[in-house]
Amino acid sequence: MSLRYLTAGESHGPALCAIAEGFPAGLSLDLALVDRDLRRRQKGYGRGGRMQIETDAAQFLSGIRGRVTLGSPIALVVWNKDHQNWKELMSPEARGGPRFTRPRPGHADLAGVQKYGFDDARDVLERASARSTAATVALGGLARQLLSRLGVRVCSRVAAVGEVERRREAPPTPEELVAIEASDMHVEDEALAASWRAIVDRERARGGSIGGLVEVFAEGLLPGLGSYVHPDRRLDARLSGGLCGIPAIRAVEIGQGTRVDLPGDRFHDPIYWTAERGYHRQSNRAGGLEGGVTTGAPLVVRAFMKPIPTMTTPLATVDLDTREPAQARYERSDVCAVPAAAVVAEAVVAWELAGALLEKFGGDNVTDVEKAMEAYAARLR
Ligand code: EPS
């Protein structure tokens, strides 16, 4: 394990924090870019009131000196501004307020209460909240800068909200990326964004919520990251595990991996060789991974997000105190967080790719990593 991390923090506690260990020394960081990713995560049509309160920013505590990594653990904090309003409920010193006794179907509320022996689902939901993904995105922001130094670019887009889906097979162009970043639906096509906004509005009016599909792309990868030699070294396994670790992600697809309706000759990518290009393919149905190993083609990974389980028209549940039928308690939430999930998925993919790169080319200093990559690329040629 060359790169590892831990996050901590409750949604309305004082802060979210993270420690990353295994970054090579000598990497120049633009710390403002991490905050830029945190702002991207806060955006999106369909977000709830919390995002009006927060202006997420990472405060770095260790592992960086003069904007250059030291090779020592990098600790960071994202303060929860909203904690000021929750001090009586959510401090290490206080736990006031009414208990949360009507668990929301689809959330971790009931499972967590049963598992940990609580009588208040708040003890569960504060950590189960997708608020924790702010820490994930800050870590991804660091990984992205390492990848960028090593020639790898990671980006994302939304491919579906509710029933309207439009996938891409190839990464967005730089011009399309500008449009994606400017869009409150995180997509290059404004007409598509408008149809998704209408779906979000419909669900808001129904008191419901809506999920969708996000796509993450990575370009500039050498062939040979990850491995087939053991299940836990397969990069597709690591990407899927990481992505399913994001709250509300229920399924992952690599390339056209779910197209089990296709026969083999239309599922795989024929191999060619020319003196100019070496080994290559004319298609990328595999999404850049074969046998758990990068092929050198762009990585294409999709993550499916379920509708957020907190709804103003709640589902049936049972009260934890009385065991009587009840309606699930409503907590402030998002009607749709699919654009934000794309940014989080990007961070997770960046993190896993940075780990895979360091595993193959690892060194104590980022220049050592670069040299190892160059030597490997020369062998491939
Ligand atoms: C989130 C912050 C949370 C929720 C959301 C994600 O803030 P609050 O509970 O104060 O409104 O908006 O969490 C959920 C959707 C959930 O189900 O837990 C964030 O920062 O992304």
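Start at 1 with the first residue, then count along the sequence.
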*Validation row: C155, P172 side chains within 4.5 angstrom (heavy atoms)*: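 The answer is yes, as the side chains (C-beta and beyond) meet within the 4.5 Å cut-off.
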*Heavy-atom side-chain contact between V77 and L16 under 4.5 Å*: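 Of all side-chain heavy-atom pairs linking L16 with V77, none is under 4.5 Å.
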*Would you indicate whether R266, at its atom CZ, is surrounded by more than 12 heavy atoms from other residues, nucleotides or ligands within a distance under 6.0 Å?*
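Not more than 12 within 6.0 Å, no.
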*Tell me, yes or no, whether the heavy-atom count around Y272 atom OH, taken from other residues, nucleotides or ligands under 6.0 Å, exceeds 12.*
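Atom OH in Y272 is packed in, count exceeds 12.
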Between [X] (side chain only) and [Y] (backbone N and O only), is there a donor and an acceptor less than 3.5 Å apart?
X: T294; Y: G296; value: no
X: D120; Y: F100; value: yes
X: R285; Y: H268; value: yes
X: R157; Y: H186; value: no
X: S129; Y: R131; value: yes

*asked:* Ring centres under 6.0 Å, that's the criterion: do W196 and Y45 meet it?
replied: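 No, the ring centres sit 6.0 Å or more apart.
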Quiz question: by atom type and distance under 3.5 Å, do the side chains of [X] and [Y] form a donor-acceptor pair?
X: R50; Y: S11; value: yes
X: R102; Y: T317; value: no
X: S28; Y: R67; value: no

Does one hydrophobic cluster hold both [X] and [Y], with members joined at side-chain heavy-atom distances below 4.5 Å?
X: L29; Y: F60; value: yes
X: V338; Y: F217; value: no
X: V113; Y: L125; value: no

*Those residues that, when tested against Y376, pass side chain to side chain contact (heavy atoms under 4.5 Å, CB included) (two or more places apart)*: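 Counting only residues at least two positions away or on another chain, Y376 forms a side chain to side chain contact (heavy atoms under 4.5 Å, CB included) with L222, K360, F361, R379, L380.
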*asked:* Using the side chain to side chain contact (heavy atoms under 4.5 Å, CB included) criterion, which residues pair with A160? Sequence neighbours excluded.
replied: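 Side chain to side chain contact (heavy atoms under 4.5 Å, CB included) check on A160 returns E165, L213.
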Look at [X] together with [Y] and state whether they make a salt bridge at an N to O cut-off of under 4.0 Å.
X: D123; Y: R95; result: yes
X: E54; Y: K81; result: no
X: E181; Y: R40; result: yes

_Over 60° means perpendicular and under 30° means parallel, so tell me whether Y5 and W351 are parallel, tilted or perpendicular._
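Ring orientation of Y5 relative to W351: perpendicular.
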